[in-house]
Amino acid sequence: MSIGDNYHKIEEDIPDYVAIVLAAKTRTPQEIEEAIEAGATNIGANYVQEAEKIHNALGEKAKKVLWHMIGHLQKNKVNKALPIFDVIQTVDSLRLAEAISKRAGKVCPVYIEINSGREPQKSGVMPEDVEELIRQISHLENVKIEGLMTMGPRFGNPEDARPFFKETKKLFDYIKGLDLPNVKMEMLSMGMSNAYKVAIEEGSTMIRPGSIVFGERPQ
Ligand SMILES: *Cc1c(COP(=O)(O)O)cnc(C)c1O
């Protein structure tokens with residue numbers, strides 16, 4: 001099946017309220033263009049430099065879609081990231097949020113990345129620290145929190161990911177209930193190729209498939 005066919009198949013498979021952010025790491029501009037032609041409206045990138053290259057290669061076509069930063073963003077890359085990305089899904093520290101706010105020049109939508117698996121080597125804020133972080137970030141002028149994002153540990157069996165999605169959804173509802181000024185809990189970004197169905201069952205409103213659309217990544 002083609003990239004377009006794969007994309008349409010997922011679209012048909014999920015409820016209308018769920019958005020698709022296509023995870024495009026390692027893909028060529030041609031592959032990404034094919035997905036955009038098929039109707040993809042949100043593209044996710046893991047690295048600033050990779051996104052920059054694709055942007056340049058796509059030219060005007062890059063403007064037809066929204067670009068999401070879904071990889072860890074280093075503070076020293078914020079300047080380069082801001083002109084490319086419409087949403088930064090991976091804010092996990094006050095310092096990063098401050099760097100974005102200081103340089104953005106306009107309000108930048110961000111999601112807070114949750115380390116739902118509490119894996120020390122991974123990025124994302126620990127679930128128990130989310131509320132405090134969000135309260136702090138909510139005071140920044142040019143950052144607007146619009147949701148949460150999580151990866152969760154990688155499992156062969158998607159069922160094993162369920163508790164981590166469940167916990168992130170619980171946090172999402174809790175933060176939403178706080179009704180903090182300048183915080184809009186609208187998007188819950190979770191679910192990659194192997195577990196997007198489970199993620200949606202647990203409340204995801206935005207899935208991030210990659211390999212199921214583009215094919216397996218070369219090792
Ligand atoms: C690679 C990646 C994905 C997509 O993973 P697949 O298994 O290819 O679907 C989604 N989100 C993030 C943050 C990623 O790095």
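Atoms within a ligand are numbered from 1 in the order they appear, just like the ligands themselves.
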Which atom pairs, donor and acceptor, lie under 3.5 Å between side-chain atoms of residues 62-71 and protein residues at least two apart or in another chain?
unit_1: Lys63; atom_1: NZ; unit_2: Glu60; atom_2: OE2; d: 2.9
unit_1: Trp67; atom_1: NE1; unit_2: His55; atom_2: NE2; d: 3.4
unit_1: Trp67; atom_1: NE1; unit_2: Ala62; atom_2: O; d: 2.8
unit_1: His68; atom_1: ND1; unit_2: Gln89; atom_2: NE2; d: 3.0
unit_1: His68; atom_1: NE2; unit_2: Asn42; atom_2: OD1; d: 2.9

What side-chain donor-acceptor pairs closer than 3.5 Å can you find for residues 135-147, not counting sequence neighbours?
unit_1: Arg135; atom_1: NE; unit_2: Glu131; atom_2: OE2; d: 3.0
unit_1: Arg135; atom_1: NH2; unit_2: Glu131; atom_2: OE2; d: 3.0
unit_1: Ser138; atom_1: OG; unit_2: Arg135; atom_2: O; d: 2.7
unit_1: His139; atom_1: NE2; unit_2: Arg135; atom_2: O; d: 3.4

Would you please write out the protein residues whose heavy atoms approach any atom of ligand 1 to under 4.0 angstrom, listed by chain and number?
Ala23, Lys25, Asn46, Ile70, Met149, Met151, Arg154, Met192, Ser193, Arg208, Pro209, Gly210, Ser211, Arg217
Closest heavy-atom contact between Leu133 and Ser93?
CD1-C, 3.7 Å
Sequence-distant partners of Asp129, side chain to side chain donor-acceptor pair (under 3.5 Å), two or more places apart
none
Going by an N to O cut-off under 4.0 Å, is there a salt bridge joining Glu98 and Arg103?
no
Donor-acceptor pair between Thr28 and Glu31 side chains, under 3.5 angstrom
yes
